[in-house]
Amino acid sequence: MKNFIFLCLLIPGSLLAQDYTKPELADKTRYENKTFYRVKDYAKNEITGKKVKNIIFLIGDGTGTSQIYSGLVGNKGNLYLKTMPYSGFSKTNSSDNLITDSAAGATAFSIGEKTYNGAIGVDKDKNPKKTLLEMADENGISTGMVATCAITHATPASFIAHQPSRKMGEEIAADFLDTDIDLFIGGGKNHFNKRKDGRNLFAELHTNGYDTVTSMGALKKAKGAKIAALLAEEQLPPYLMGRGDMLPESSKFAINKLSKNDKGFFLMIEGSQIDWGGHDNNVPYIVSEMLDFDRAIGEALKFAAKDGETLVVVTADHETGGFSINGGDLATGVVEGKFTTGSHTGVMVPVFSYGPQAERFSGIIENTDIFHIFKEVLGL
Ligand code: MG
Ligand code: ZN
């Protein structure tokens, strides 16, 4: 396997260099799954209470209806996502474009305002706006983020950082030290300790009381009150190239850790690379990342069904690839697909929910509505 510098054309007029390794495959149009998993229907536990103590917000980057259905076919008709009782659609347009990028898409969730493509936690006039994660932290609620990309990448960055451009990785990393986030797990270590300004933010985090770890093995043993896990220098590898169960295991770890707080928690979990499969017009990349993300959803539902005061919401920032499914077999887990673009598209994306107040995410909503409902139900 070779490393590729992959130029990612996100939207017209915006060129973004992404250095990640993508799976090299002879046939990118067809995937035959070999690793099926059983799905338990945790969500059959009906939640009758209205109080929301915890929110687990799962974002599948670039995950439209076809990406979800490719996972459903790939796992022979079963997904944890399929067990969630409520669904709706989110309109994803940004303030300056029908087709959003992941920065504006995540900032819509984090500050409740449409902003320009590339914006990280700032409004359309580049003013920093307090994010949901920061509000939760200020109210004594535990906070955390888990991603399969660099933790400084657009989606997680938008919940904690305030920068005019997603390209400012080192500035975004420094913003992690301005919020008392309890836990974050992802890649991007280079933005913390190989910086132009010479600061070693990873060491500073340690001084600030974080357990700082760089491997899954060390993460599982970490017992500190606050945890910073940077598991790759840049992006984590794709599931097809050996990432293993990092995402579902980190999600389970994060839920277990954050749920110790009586005041509740807010946890954002991102299936970051479903988007990259779309950019690469790569069906196996999409399906494998979708199934990995679904097993993280399973961890969230398992906890929420037991807890009864946890709202679980799963959605996407946008669709990627104009992906469609043109063939396949539910009996064998074969998926065949085609694409209309190597960029994002403007279609609505599904929203799934479970737990108290879950019914509020039905129908067609704006991406910004998700912020406003979260803020209201957490009493922030
Ligand atoms: Mg993302
Ligand atoms: Zn993208």
Side-chain angles (χ1 to χ4, degrees), residues 4 6-20 22 57-64 66-67 90 92-94 97-110 115-121 131 133 145-161 163 165-169 172 184-188 191 232 234-239 243 246-247 250-251 268-282 285-286 289-290 292-293 296 314-323 339-347 349 367 370:
F4 277 86
F6 185 60
L7 282 177
C8 171
L9 260 173
L10 282 174
I11 45 158
S14 155
L15 188 68
L16 180 80
Q18 286 187 329
D19 49 343
Y20 63 85
K22 51 184 176 170
F57 184 34
L58 297 111
I59 302 173
D61 200 314
T63 304
S66 293
Q67 282 80 356
S90 165
T92 67
N93 65 288
S94 63
N97 207 303
L98 181 67
I99 297 163
T100 190
D101 83 321
S102 294
T107 298
F109 299 141
S110 73
T115 187
Y116 60 92
N117 287 354
I120 300 290
T131 70
L133 187 146
M145 292 200 280
V146 177
T148 54
C149 59
I151 205 72
T152 48
H153 205 263
T155 309
S158 298
F159 284 85
I160 195 163
Q163 297 295 342
S165 167
R166 59 183 288 165
K167 293 171 190 163
M168 300 166 72
I172 289 166
F184 54 95
I185 306 170
H191 284 147
E234 301 281 348
Q235 315 303 343
L236 283 136
Y239 185 81
R243 191 172 70 240
M246 174 266 169
L247 183 62
S250 298
S251 302
M268 192 287 290
I269 298 170
E270 186 195 18
S272 316
Q273 299 194 26
I274 302 165
D275 173 63
W276 301 350
H279 284 294
D280 193 33
N281 288 0
N282 188 326
Y285 197 177
I286 290 173
E289 293 295 331
M290 182 66 220
D292 180 59
F293 180 54
V314 183
T315 192
D317 46 0
H318 54 74
E319 195 275 343
T320 305
F323 181 37
F339 299 85
T340 65
T341 177
S343 304
H344 300 168
T345 67
V347 295
V349 293
N367 52 3
I370 292 173

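Each ligand, and each atom within it, is numbered from 1 in the order the structure gives.
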The NE2(H279)-the Zn ion (ligand 2)-NE2(H344) angle, to 10°, is 100°

Note on the Mg ion (ligand 1): protein N/O/S atoms within less than 2.8 Å are D61 OD2, T155 OG1, E270 OE2

Are a donor atom and an acceptor atom from the side chains of H318 and T100 found within less than 3.5 Å of each other? no

Sorted by chain and residue number, the side-chain contact (heavy atoms from CB on, under 4.5 Å) partners of A106 (sequence neighbours excluded) come out as T155, S158, F159

Residues passing the side-chain contact (heavy atoms from CB on, under 4.5 Å) test with A157, sequence neighbours excluded, are I120, I172

Assess D275: does it contribute an N, O or S atom lying under 2.8 Å from the Zn ion (ligand 2)?
-> yes

- Test item: side-chain donor near acceptor, S94 and N117, under 3.5 Å: yes

Heavy-atom side-chain proximity of E234 to C149 below 4.5 angstrom
no

The side-chain hydrogen bond (donor to acceptor under 3.5 Å, both in side chains) partners of E319 (sequence neighbours excluded) come to Q67, T345

Fill in: Ring centroid separation H153 to W276 under 6.0 Å
yes

